[in-house]
Amino acid sequence: MEYKIDREGSIMYTLALETSCDETSAAVLKDGRHICSNIISTQVPIHQKFGGVVPEIASRQHIEYVLPVLQKALVDAKCTLADIDHIGVTYGPGLVGALLVGVATAKALSFARDIPLVGVNHMEGHMFANFLSHPNLEPPFLCLVVSGGHTQLVHVKTYNQFVLLGQTRDDAAGEAFDKIARVMGYPYPGGPQIDRLAKEGNENAIFFPKALQEKHNFEFSFSGLKSAVLNYLHNQEQRGIAYVAADVAASFQKTVVDTLVDKTMDAAAYIGTTAIAVAGGVSANSALRASMQHACDRKGYSFYYPEPVLCTDNAAMIGCRAYYMAQAGAFSALTLNAKPGLSITTTSI
Ligand code: KG4
Ligand code: ZN
């Protein structure tokens with residue numbers, strides 16, 4: 001849809017909404033990279049008793065919280081809808097019912113107040129969290145996106161041009177963290193639990209296999225590793241041997257982190273970049289950050305990661321992506337719909 005930005009040169013305000021999974025979030029950004037407000041209402045305590053996100057409950061919670069969260073984002077940013085230049089909203093990937101709440105809210109506001117609408121890809125939003133934490137960061141760079149649902153290596157060539165180098169064939173890294181933590185009796189989400197526990201364990205205590213180790217293979221597979229850890233726990237239990245939870249956590253985490261770092265460094269050499277970023281919930285992992293930093297220091301590469309609150313789901317990152325799309329004139333029509341299986345907008349290798 002064509003909209004005219006008639007305030008060129010003046011400040012641009014973006015209102016953003018994120019409801020793809022279990023966080024209801026709204027944010028206001030100034031000129032795309034300055035966060036005026038970033039309100040996140042988490043549903044984690046509600047889903048914890050079920051051991052994972054229950055889609056129907058998530059949708060209902062989003063309906064209840066989306067307007068108060070949006071209102072607080074505007075109040076905290078000291079602005080009103082009259083100040084907003086465009087509305088960014090996540091339209092995929094994610095849970096369809098959850099996405100629809102954000103999309104319907106954004107469309108209603110866009111229609112009622114005649115504010116241009118920008119449909120944002122959630123995974124692209126994760127990558128753009130790095131622009132908020134690093135004011136001087138500019139493309140090109142390589143981004144490892146690791147979340148609860150995705151594991152992807154993306155060459156960010158420009159603000160609007162991405163090349164997907166490889167992704168997981170089966171489980172996402174975060175999914176493996178969550179599943180293993182759950183079997184070990186830790187609450188959802190399991191990633192932060194494993195991260196904490198691993199600090200007290202021996203990462204070389206147990207050998208777990210790595211998949212797809214060939215050079216220049218940028219695909220991932222974590223289902224074999226997940227099964228290997230579950231088999232180990234099961235075997236120990238059957239033999240009546242108590243396992244050391246911290247050692248299991250540390251050994252599992254090291255296997256994931258080594259795989260992520262090795263493939264990222266291989267991809268950086270392959271595309272010839274010296275700038276590496278990480279994004280998504282798993283990028284908050286302390287061992288991943290330390291190991292990637294170490295690998296980048298050895299090669300003389302720059303390493304970027306978002307601050308913890310911008311690693312997990314939030315609307316500020318969606319606002320940043322929406323701003324750059326708006327600059328490129330990539331607005332959405334009011335027919336915008338939720339796309340649960342949306343993939344990154346890529347150009348081929
Ligand atoms: O990006 P995100 O908030 O939601 C999705 O888009 O999926 O990612 C959530 C995932 C969960 O699997 C969670 O366990 C994982 O990120 N996670 C972590 C850590 N913090 C969150 N995984 C490992 N270590 C962490 N510190
Ligand atoms: Zn996410």
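Both counts, for ligands and for their atoms, begin at 1 and track the order of listing. This chain uses plain numbering: 1 for the first residue, then up along the sequence.
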Does the side chain of Asp22 come under 3.5 Å of the side chain of Tyr188 through a donor N or O and an acceptor N or O? yes

Side-chain H-bond candidate by donor/acceptor type, Ser37 with Asp76, under 3.5 Å: no

Which ligand 1 atoms are under 4.0 Å away from a heavy-atom of [X]?
{"X": "Thr312", "answer": "3 (O)"}
{"X": "Ala284", "answer": "26 (N)"}
{"X": "Asp178", "answer": "11 (C), 12 (O), 13 (C), 14 (O)"}
{"X": "Gly149", "answer": "7 (O)"}
{"X": "His126", "answer": "1 (O), 6 (O)"}
{"X": "His122", "answer": "6 (O)"}

With a heavy-atom distance limit of 4.0 Å, tell me whether His150 approaches ligand 1 through its side chain, its backbone, both, or neither. neither

Which one holds for Asn285 and ligand 1: side chain close, backbone close, both close, or neither close, with close meaning a heavy atom under 4.0 Å? both

[X], any N or O under 3.5 Å of ligand 1 N or O:
{"X": "Ser286", "answer": "no"}
{"X": "Gly174", "answer": "yes"}
{"X": "Gly148", "answer": "yes"}
{"X": "Phe177", "answer": "no"}
{"X": "Asp313", "answer": "yes"}

Minimum heavy-atom separation for [X] and [Y], please, with both atom names.
{"X": "Leu29", "Y": "Ala316", "value": "CD2-O, 3.6 Å"}
{"X": "Val53", "Y": "His47", "value": "CA-ND1, 3.6 Å"}
{"X": "Met317", "Y": "Thr312", "value": "SD-O, 4.4 Å"}

Salt-bridged, Glu56 to Arg60, with N to O below 4.0 Å? yes

To the nearest 0.1 Å, how far is [atom] from its closest protein heavy atom, and which atom is that?
{"atom": "atom 20 (N) of ligand 1", "answer": "Gly281 O, 3.4 Å"}
{"atom": "atom 26 (N) of ligand 1", "answer": "Asp195 OD2, 2.9 Å"}
{"atom": "atom 22 (N) of ligand 1", "answer": "Gly191 CA, 3.3 Å"}

Taking the inter-plane angle between the rings of [X] and [Y] on a 0 to 90° scale, is it parallel (under 30°), tilted (30 to 60°) or perpendicular (over 60°)?
{"X": "His216", "Y": "Phe218", "result": "tilted"}
{"X": "Phe208", "Y": "Tyr232", "result": "perpendicular"}
{"X": "Phe131", "Y": "Tyr324", "result": "tilted"}

What residues join Tyr65 in its hydrophobic cluster, counting side-chain heavy atom gaps under 4.5 Å, either direct or through other members? Ile39, Val69

Phe207: which other cluster members, linking ILVMFWY side chains closer than 4.5 Å, directly or transitively? none

Distance-only donor-acceptor pairs under 3.5 Å for side chains of residues 295-307, two or more places apart:
residue : atom : partner : partner atom : Å
Asp297  : OD1  : Gln293  : NE2          : 3.1

Using a cut-off of 2.8 Å, how many protein N, O or S atoms lie below it in distance from the Zn ion (ligand 2)? 3

Glu18 side, atom CD; Thr90 side, atom OG1 - distance, nearest 0.5 Å: 3.5 Å

Quick one: does Cys21 get a heavy atom under 4.0 Å from ligand 1? no

Using the ring of Phe128 (Phe, Tyr or Trp, six-membered ring only), decide whether Arg321 places NZ or CZ under 6.0 Å from its centre and within 45 degrees of its axis. yes

